[in-house]
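Scroll down for the structure; my scribbles are underneath it.
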Amino acid sequence: MQVLVIGGGGREHALCWKIAASPLVKKVWCAPGNPGIASVATCVDIAADDIERLLAFAKREEIELTVVGPEGPLVAGIVDRFEAAGLKIFGPSKAAAEIEGNKVFCKDLLFRYRIPTANFRAFESSSAALGYVEGLREFPVVIKAAGLASGKGVRICKDVVAARAAVRECMEERAFGKAGERIVIEDFLHGEELSVLAITDGETIVLLEAAQDHKAVNDGDQGPNTGGMGAFSPVPGVGVRLLRQIESTVLVPTIHALNREGRRFRGVLYAGLMITEQGPRVLEFNARFGDPETQPLLMRLKSDLVPFLLYAAGGELSKIEGITWRTDTAVCVVATAAGYPGAFEKGRTIRGLDFLQRDEQLEVFHSGTARAGNDWITAGGRVFSVCALGADKAAAQRKAYDALERLSFEGMHYRRDIGNRRPVS
Ligand code: AMP
Ligand code: GLY
């Protein structure tokens with residue numbers, strides 16, 4: 001069959017790479033893709049949010065399965081549009097994707113169904129939010145733009161001065177545009193973060209292995225938050241018991257709650273969690289595969305991914321057997337351009353990509369690269385990620401960081417501590 005993947009980052013590169021390896025698949029297309037993705041899929045020059053052109057393309061090429069990477073088109077209703085045209089597409093409807101697209105909706109839902117998450121208040125005006133902040137006794141607090149902000153709309157405020165500034169930045173200066181018209185102010189939770197993704201058809205759940213992201217731009221979790229600087233899997237200390245607890249206290253009740261609200265969720269439900277002393281708490285939900293988490297997860301996935309995507313999209317996920325994983329650890333380190341997550345440089349020549357020896361245990365997934373003649377150049381904030389497998393975490397880290405030593409561009413930055421988190425317990 002022919003599969004169309006929508007998006008053009010490292011997550012989509014990893015998805016195309018894994019989907020292309022499926023014996024069920026004759027051809028993979030990616031819209032818009034990127035020049036790195038072009039080694040495993042045919043790129044089509046249609047933007048990920050141009051729903052009408054994507055639909056026309058999928059009809060014309062008789063695409064049998066479309067897989068949506070980023071949240072933008074999901075929140076804009078691409079799945080509803082494809083399904084109305086009779087096409088099979090993996091991802092949640094517009095109504096279900098609101099769990100990611102609107103943090104006020106998400107927090108309200110979690111509270112109404114008693115799904116564990118931090119206490120919060122939502123605000124629509126900066127004066128009300130500022131008034132609330134002045135009365136706060138305990139810090140830090142967490143201030144979040146309610147809409148989509150590419151992982152950058154969250155501020156952890158250590159005192160009232162920082163909290164005032166965060167409210168103003170979001171609601172008055174409109175740093176995140178419309179996404180910041182409403183905000184959520186919530187309690188700060190202590191613990192270790194964990195990403196748990198599940199493929200679901202709205203009834204059956206297939207839990208993926210846990211992964212950990214590293215959101216801050218610098219080592220030791222210093223500096224502003226980014227879309228993700230690296231991830232690894234499996235996570236020490238996360239065993240079957242904790243995963244079952246997350247499934248039964250977070251994922252099952254959330255999928256049930258969405259069903260009860262008439263928003264059946266099909267696709268990947270991604271729970272961003274804080275594992276606190278009192279148990280798992282939801283930080284956020286995403287309605288899609290995580291980036292970069294998907295990269296180490298797919299390196300470890302032994303099963304063919306395609307049947308899971310097909311059956312989830314078709315509402316028949318209960319029909320397939322369990323999912324299998326390599327026991328190896330996968331570590332993925334993202335290389336970023338100078339300035340990221342703020343304004344960043346583009347057009348720097350990347351050295352070493354064509355000479356790097358790949359093997360079964362080493363992949364480079366591209367997120368923001370372009371071609372200039374025979375050269376590779378930078379074209380995004382996150383430029384590429386190096387993903388390595390190893391018998392244990394230390395071996396995977398060594399392999400990934402050795403490869404990074406061979407790659408360079410002016411201003412290249414990456415964290416040196418991906419994988420060095422405290423065990424979750
Ligand atoms: P979110 O986009 O809501 O997942 O938030 C981005 C990041 O901010 C998370 O990955 C956490 O590192 C941090 N964060 C968000 N909410 C909280 C919270 N209530 N307590 C502590 N850290 C938080
Ligand atoms: N890595 C965080 C995300 O995909 O939202």
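Computed from a predicted model, the values in this text were never measured in an experiment. Indexing begins at 1, ligand by ligand and atom by atom, following the structure's order.
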Original post:
Under 3.5 Å, N or O to N or O, is L189 touching ligand 1 that way?
Top reply: yes
Original post:
Quick one: does ligand 1 sit under 4.0 Å from the side chain of L283, the backbone, both or neither, non-hydrogen atoms only?
Top reply: both
Original post:
Which residue and non-hydrogen atom of the protein lie closest to atom 3 (O) of ligand 1, and at what distance in Å?
Top reply: K144 NZ, 2.8 Å
**OP:** From the options E71, E284, R288, select the one whose nearest heavy atom is closest to atom 3 (C) of ligand 2.
**Re:** R288
Original post:
Can a non-hydrogen atom of H190 be found less than 4.0 Å from any atom of ligand 1?
Top reply: no
Original post:
Any idea which protein heavy atom is nearest atom 9 (C) of ligand 1, and the distance to it?
Top reply: E193 OE1, 3.4 Å
**OP:** Just let me know how E293 lines up against ligand 2, side chain, backbone, both or neither, with a heavy-atom cut-off below 4.0 Å.
**Re:** side chain
Subject >> Atom pair CD1/SG of I115 and C106 - distance to nearest 0.5 Å >> reply: 8.5 Å
Subject >> Listed partners of H366 passing ring-ring contact (aromatic ring centres under 6.0 Å, His included), at least two apart >> reply: H13, W376
**OP:** Using a 4.0 Å heavy-atom cut-off, say whether V154 meets ligand 1 through its side chain, its backbone, both or neither.
**Re:** side chain
Subject >> Shortest protein heavy-atom distance from atom 2 (O) of ligand 1, along with the residue and atom involved >> reply: E284 OE1, 3.3 Å
Original post:
At what distance is the nearest protein heavy atom to atom 7 (C) of ligand 1, and which residue and atom is it?
Top reply: N225 ND2, 3.4 Å
**OP:** Using the six-membered ring of Y414, assess whether NZ or CZ of R416 lies under 6.0 Å from its centre and within 45 degrees of the ring axis.
**Re:** yes
